[in-house]
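Every number for a ligand or one of its atoms is a count from 1 in the order of the listing.
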Amino acid sequence: MKKVLVTGGAGFIGSNFLSYMVDKHQDWAFVNLDALTYAGNLENLKSLETNDRYVFIKGDITDTGLVSSLFKEHGFDYVVNFAAESHVDRSIKEPEVFLKTNVFGTQCLLDNAKSSWQTGKDGDGYPVYRDGVKFLQVSTDEVYGALGASGMFTETTPLAPNSPYSACKASADLIVRAYSKTYKLPVNITRCSNNYGPYQFPEKLIPLMIGNALEDKSLPVYGDGMQIRDWLHVGDHCSAIDAVLEKGRAGEVYNIGGNNEKANIDIVRLILERLQKSDTLIRHVEDRLGHDRRYAIDNAKITGELGWKPAYTFERGMDETIAWYLNNKEWLGDVRSGAYMDYYNKYYRELT
Ligand code: NAD
Ligand code: TYD
């Protein structure tokens with residue numbers, strides 16, 4: 001039996017992770033702490049609402065009083081920190097909130113985990129923690145910066161973030177590392193590539209392009225569209241985090257990639273082809289400032305050490321993802337129109 005604090009569980013990856021974990025670990029209990037920013041959507045978690053091993057708490061990870069009281073009430077064994085401002089374009093316009101949530105929020109969670117889990121000190125003055133606890137920080141390959149035409153990111157690639165978003169994620173990684181080195185807090189950091197799949201907020205490339213194509217709106221491709229990302233199905237990301245949580249060696253970083261390097265323009269063309277829409281919807285627009293040209297992940301550590309590997313091919317993942325958005329046009333429409341924001345008021349207020 002494990003008690004798990006999942007932060008940012010109403011977002012894209014967090015909600016997929018909660019659904020996956022509640023089903024997979026039938027004797028574990030989960031608390032989802034989420035501030036419900038524009039990116040948080042409780043409709044993603046409808047299937048868990050009546051599950052007695054799942055609790056939702058609306059709150060901010062920077063609120064140390066709240067986080068401390070949750071640790072006292074629930075006695076968490078694991079923390080999985082997804083909560084973050086996650087969109088590069090927004091970080092270019094408004095960096096401040098990225099620092100607050102991604103850096104100070106992470107430090108607040110670390111501090112509370114440390115004080116809640118500490119049972120004493122060893123002979124050298126280092127804290128000692130109760131058995132079976134772990135803090136897992138969900139990070140990104142973007143902390144490594146951009147690659148040229150060849151090469152891949154390994155866990156020892158130096159950090160060289162280029163956007164305010166990735167700089168804040170890298171800062172959070174470094175503070176997590178510091179808690180591991182200075183206080184010997186049992187931590188793991190995972191750095192994954194671009195995720196895709198159900199419930200992704202449609203400001204990100206794949207759901208944005210699907211939504212626009214369905215409405216016959218133009219598809220904005222930044223610059224020449226030849227930027228390359230590695231694409232990881234969110235289901236594969238969830239199973240990888242589960243593997244790191246259970247088997248990852250304390251203090252280690254694990255890269256998670258899907259072995260699917262694609263140019264943005266090829267993804268956009270594939271979506272148009274599957275939806276039987278014309279290429280004339282493509283519109284090349286001004287490039288993103290500081291746009292990273294290429295990301296690629298070397299998976300050798302997690303596959304070799306933990307036995308994880310991605311189950312999805314890109315073709316299957318994209319077919320299922322496009323089918324999901326076609327079958328969930330109401331969800332997509334509600335998010336695109338902003339109507340999803342009423343869900344908390346409509347449902348959760350009635351419960352309390
Ligand atoms: P998302 O933007 O869809 O969801 C983020 C969630 O965090 C939302 O539910 C939001 O309400 C919540 N949140 C934001 N600020 C908060 C705060 N101060 N307190 C509590 N909750 C808060 O993001 P996502 O795509 O699901 O990404 C999850 C994590 O994975 C992030 O840490 C992100 O950096 C990382 N990541 C994402 C990708 C990707 O492709 N989506 C790739 C690599 C890493
Ligand atoms: P995005 O989904 O924002 O993820 P990230 O910036 O974290 O990689 O963007 C993925 C790629 O798609 C990135 O190279 C920027 C590009 N892009 C576009 O060309 N047009 C768009 O409208 C968006 C949102 C992204």
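For ligand 1, residues of the protein lying within 4.0 angstrom by heavy-atom distance are Gly8, Ala10, Gly11, Phe12, Ile13, Asp34, Ala35, Leu36, Thr37, Ala39, Gly40, Gly59, Asp60, Ile61, Phe82, Ala83, Ala84, Ser86, Thr101, Val138, Ser139, Thr140, Tyr165, Lys169, Cys192, Ser193, Asn194, Asn195.
Residue Asn264 has at least one N or O atom closer than 3.5 Å to an N or O atom of ligand 2. The shortest N or O to N or O distance between Tyr295 and ligand 2 is not below 3.5 Å. Considering backbone and side-chain atoms alike, Val88 places every N or O at 3.5 Å or more from each N or O of ligand 2. Looking at Glu142 next to ligand 2, an N or O pair under 3.5 Å apart turns up.
At the top of the distance list for atom 2 (O) of ligand 2, counting protein heavy atoms only, stands Leu205 N, 2.9 Å. Here the heavy atom of the protein found nearest to atom 15 (C) of ligand 2 is His291 NE2, 3.4 Å. The protein heavy atom nearest to atom 6 (O) of ligand 2 is Arg288 NH1, 2.6 Å. Looking from atom 4 (O) of ligand 2 to the surrounding protein, the closest heavy atom is Asn194 ND2, 3.4 Å. The nearest protein atom to atom 25 (C) of ligand 2, hydrogens excluded, is given as Tyr222 CE1, 3.6 Å; this is a heavy-atom distance.
Applying the ring-ring contact (aromatic ring centres under 6.0 Å, His included) rule to Tyr325 yields no partners; only residues at least two apart in sequence or on another chain are considered.
Contact check on Lys247 versus Glu305 returns no salt bridge, with no Lys/Arg side-chain nitrogen under 4.0 Å from an Asp/Glu carboxylate oxygen. Checked for salt-bridge contact, Arg269 and Glu273 miss the test: no charged N lies under 4.0 Å from a carboxylate O. Residues Asp27 and Arg53 are not paired through a salt bridge, judged by the lack of any N-O separation under 4.0 Å between the basic side chain and the carboxylate. Between Glu261 and Arg294 there is a salt bridge, since a side-chain N of the basic residue sits under 4.0 Å from a carboxylate O of the acidic one. Salt bridge annotation for Lys58-Asp34: absent, with no cationic side-chain nitrogen under 4.0 angstrom from a carboxylate oxygen. Remark: Arg191 does not engage Glu142 in a salt bridge, criterion side-chain N to carboxylate O under 4.0 Å.
Remark: the backbone N or O of Ala240 is not paired with any side-chain donor or acceptor of Asp242 at under 3.5 angstrom.
By the 4.5 Å heavy-atom criterion applied to side chains, Leu66 and Asp60 are not counted as neighbours.
Under 3.5 Å, the side chains of Gln137 and Asn81 contain a donor-acceptor pair of N or O atoms. In this structure, a donor-acceptor pair under 3.5 Å is absent between the side chains of Thr154 and Asn255.
For ligand 2 and Lys204, the ligand atoms under 4.0 Å from any heavy atom of the residue are 2 (O). Atoms of ligand 2 found under 4.0 Å from any heavy atom of His87, numbered from 1 in the order shown, are 3 (O). Which parts of ligand 2 touch Glu203 is read off a 4.0 Å heavy-atom cut-off, strictly below it: atoms 24 (C). Interface of Val221 with ligand 2, defined as ligand atoms under 4.0 Å from a residue heavy atom, comprises 19 (O). Annotation for ligand 2: atoms under 4.0 Å from non-hydrogen atoms of Pro220 are 18 (C), 19 (O), 20 (N), 21 (C), 22 (O).
Counting heavy atoms of neighbouring residues, nucleotides and ligands inside a 6.0 Å radius, atom OH of Tyr38 exceeds 12 of them.
Counting heavy atoms closer than 4.0 Å to ligand 2, residue Leu208 contributes side-chain atoms (C-beta onward) but none from N, CA, C or O.
Across Phe12, Tyr340, Trp324, a single residue satisfies ring pair (Phe, Tyr, Trp, His ring centres under 6.0 Å) together with Tyr199, and that is Trp324.
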